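Only this structure's heavy atoms are used, side chains among them; waters, hydrogens and symmetry mates stay out. This is a predicted model, so every value here is computed, not measured.
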Amino acid sequence: MNKTELVAKIAEGAGLSKVDAKKALDATLEAITNAVKAGDKVALVGFGTFDVTERAERQGINPATKETITIPAKKVVKFKAGADLAI
């Protein structure tokens with residue numbers, strides 16, 4: 001499912017126009033994105049949790065040259081599915 005299809009499903013399910021559904025989806029995604037960028041945890045009960053974790057610096061190998069390289073530490077977003085999302 002792509003964004004256009006999701007907007008259509010939201011519009012149908014909530015009785016909104018596609019324009020209003022797209023605005024609602026965009027606002028939701030922006031709010032989640034801003035919260036995660038600020039380092040906050042976003043928990044949507046039943047759906048899942050978005051959280052930021054720190055990935056430590058580690059050693060890797062350049063596949064082209066076989067040289068050992070240092071992969072720098074960075075922050076990554078993790079998603080943990082909620083119980084209602086289980087298939």
Side-chain angles (χ1 to χ4, degrees):
M1 177 181 289
N2 62 32
K3 187 174 180 180
T4 304
E5 294 167 339
L6 181 58
V7 167
K9 289 285 187 182
I10 293 170
E12 180 184 322
L16 300 171
S17 70
K18 286 185 181 180
V19 172
D20 288 340
K22 183 179 183 312
K23 287 179 185 177
L25 178 60
D26 288 343
T28 302
L29 295 176
E30 183 178 350
I32 291 170
T33 301
N34 290 340
V36 170
K37 281 183 179 179
D40 295 335
K41 182 178 184 178
V42 179
L44 304 173
V45 177
F47 180 72
T49 304
F50 297 91
D51 199 9
V52 178
T53 60
E54 182 92 14
R55 193 176 281 173
E57 183 177 279
R58 62 192 193 279
Q59 296 298 311
I61 298 175
N62 181 337
T65 62
K66 307 297 184 210
E67 286 183 52
T68 300
I69 58 172
T70 300
I71 301 169
K74 66 178 181 177
K75 292 181 180 181
V76 294
V77 178
K78 297 224 175 173
F79 176 76
K80 182 177 178 187
D84 292 348
L85 195 58
I87 297 173

Roughly how far apart are [X] [atom1] and [Y] [atom2], rounded to 0.5 Å?
X	Y	atom1	atom2	answer
Gln59	Ile71	CD	CD1	8.0 Å
Leu25	Ile10	CG	CD1	4.5 Å
Arg58	Ile69	CZ	CD1	9.0 Å

Scan residues 25-53 for pairs that pass side-chain hydrogen bond (donor to acceptor under 3.5 Å, both in side chains), counting only residues two or more places apart or in two chains. Lys3-Asp26, Lys22-Asp26
My understanding is that a hydrophobic cluster links ILVMFWY residues whose side chain heavy atoms are under 4.5 Å apart, including indirect links. Using that, what else belongs to the cluster containing Val45? none
So, do Ile61 and Glu67 sit near enough that their side-chain heavy atoms are less than 4.5 Å apart? no
Do [X] and [Y] share a hydrophobic cluster, counting only Ile, Leu, Val, Met, Phe, Trp and Tyr and linking them when any side-chain heavy atoms are less than 4.5 Å apart?
X	Y	result
Leu44	Val77	yes
Leu6	Leu85	no
Phe79	Val42	yes

Which heavy-atom pair separates Lys18 from Ala8 by the least distance, and what is that distance? CE-CB, 4.0 Å
For Ala73 versus Glu57, what's the shortest heavy-atom pair and its separation? CB-N, 3.7 Å
